[in-house]
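In this chain, numbering begins with 1 at the start of the sequence shown. In what follows, every heavy atom counts, from backbone to side chain, and hydrogens, waters and symmetry copies are set aside.
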Amino acid sequence: MPITLKLQVSLKVKSCAGGHMRIGELSRRTGVSGPALRYYEEQGLLRPRRLPSGYREYTEDDVARVRNIRTLLAAGLGTALIAEILPCMVVDGQYLAPACPEITDALEAERTRITTALAELERARTALTGIITAPVPAGAVAEACEEDYAVPAEAAAAR
């Protein structure tokens with residue numbers, strides 16, 4: 001006797017109609033983790049629409065916005081400054097450019113901060129290279145290394 005089964009199918013859709021998407025799809029498209037996207041929202045960098053279910057809904061504009069955020073983060077800017085200047089940035093071909101002249105001063109200040117940090121790191125690197133390459137005086141043993149490098153009594157007596 002044949003058996004009849006009722007089959008119910010439930011689909012979880014990642015992308016919504018009209019170019020809208022949920023956080024997982026935005027993450028996949030931008031390469032940015034879901035927790036990072038939620039952090040961007042907390043910092044005011046993203047403003048997704050909230051569905052009645054509480055889900056976040058993103059658009060194609062958010063894909064571009066996340067890419068711009070990543071570009072500014074890679075340039076060494078903090079999220080607070082990015083939140084201030086992002087509305088004044090435009091994409092000029094493949095480059096992100098300041099459209100508002102007043103943010104140029106803030107960007108130049110960040111460049112100066114980065115240049116200073118690089119100079120400090122270079123000085124630290126030079127100092128560390130000096131330490132690494134400094135000659136160790138013959139027979140010198142650091143206090144912490146005495147047990148590891150202790151000269152056996154017989155060898156010391158032979159000196």
Other ILVMFWY residues reachable from Ile131 by side-chain steps of under 4.5 Å: none
Nearest atoms (heavy-atom pairs only) where Leu45 meets Arg65: O-NE, 2.5 Å
pair Val63-Met21: side-chain heavy atoms closer than 4.5 Å: yes
All pairs passing salt bridge (Lys or Arg N to Asp or Glu O under 4.0 Å) where residues 36-47 contributes a residue, at least two apart: Glu41-Arg50, Glu41-Arg56
Interatomic spacing from CG in Leu26 to NE2 in His20 - rounded to 0.5 Å: 12.5 Å
Shared-cluster residues of Ile132, by chain and number - hydrophobic side chains joined below 4.5 Å: Leu128
Other ILVMFWY residues reachable from Val136 by side-chain steps of under 4.5 Å: none
Side chain proximity check, Pro98 to Ile85, heavy atoms < 4.5 angstrom: no
Steps toward side-chain contact (heavy atoms from CB on, under 4.5 Å) verdict (Tyr58, Leu46): CA-CA 9 Å; Tyr58 299 92; Leu46 284 176; 4.1 Å; yes
side-chain contact (heavy atoms from CB on, under 4.5 Å) against Glu122, all qualifying residues, sequence neighbours excluded: Arg125, Thr126
Salt bridge flag under 4.0 Å for residues Arg28 and Glu25: yes
Residue pairs fulfilling side chain to side chain donor-acceptor pair (under 3.5 Å) with at least one residue in residues 94-111, sequence neighbours excluded: Glu110-Arg113
Partners meeting side-chain contact (heavy atoms from CB on, under 4.5 Å) with Ser27 (sequence neighbours left out): Leu37
Set of side-chain contact (heavy atoms from CB on, under 4.5 Å) partners for Thr133, sequence neighbours left out: Thr129
Could you pull out all donor-acceptor pairs under 3.5 Å where a side-chain atom in residues 67-83 meets a protein atom, sequence neighbours excluded?
residue : atom : partner : partner atom : Å
Arg67   : NH2  : Arg29   : O            : 3.1
Arg70   : NH1  : Tyr40   : OH           : 2.7
Thr71   : OG1  : Arg67   : O            : 3.0
Thr79   : OG1  : Gln43   : OE1          : 3.4

Arg49 side chain reached by Leu51 side chain, heavy atoms, under 4.5 Å: yes
Distance in Å, Arg123 CZ paired with Leu118 CG, rounded so as to fall on 0.5 Å steps: 10.5 Å
Set of side-chain contact (heavy atoms from CB on, under 4.5 Å) partners for Pro101, sequence neighbours left out: none
Single-linkage hydrophobic cluster Val90~Leu107, side-chain heavy atoms < 4.5 angstrom: no
Euclidean distance, Leu86 CG relative to Leu96 CG, rounded to 0.5 Å: 7.5 Å
Distance (rounded to the nearest 0.5 Å) between Thr116 OG1 and Glu120 CD: 6.5 Å
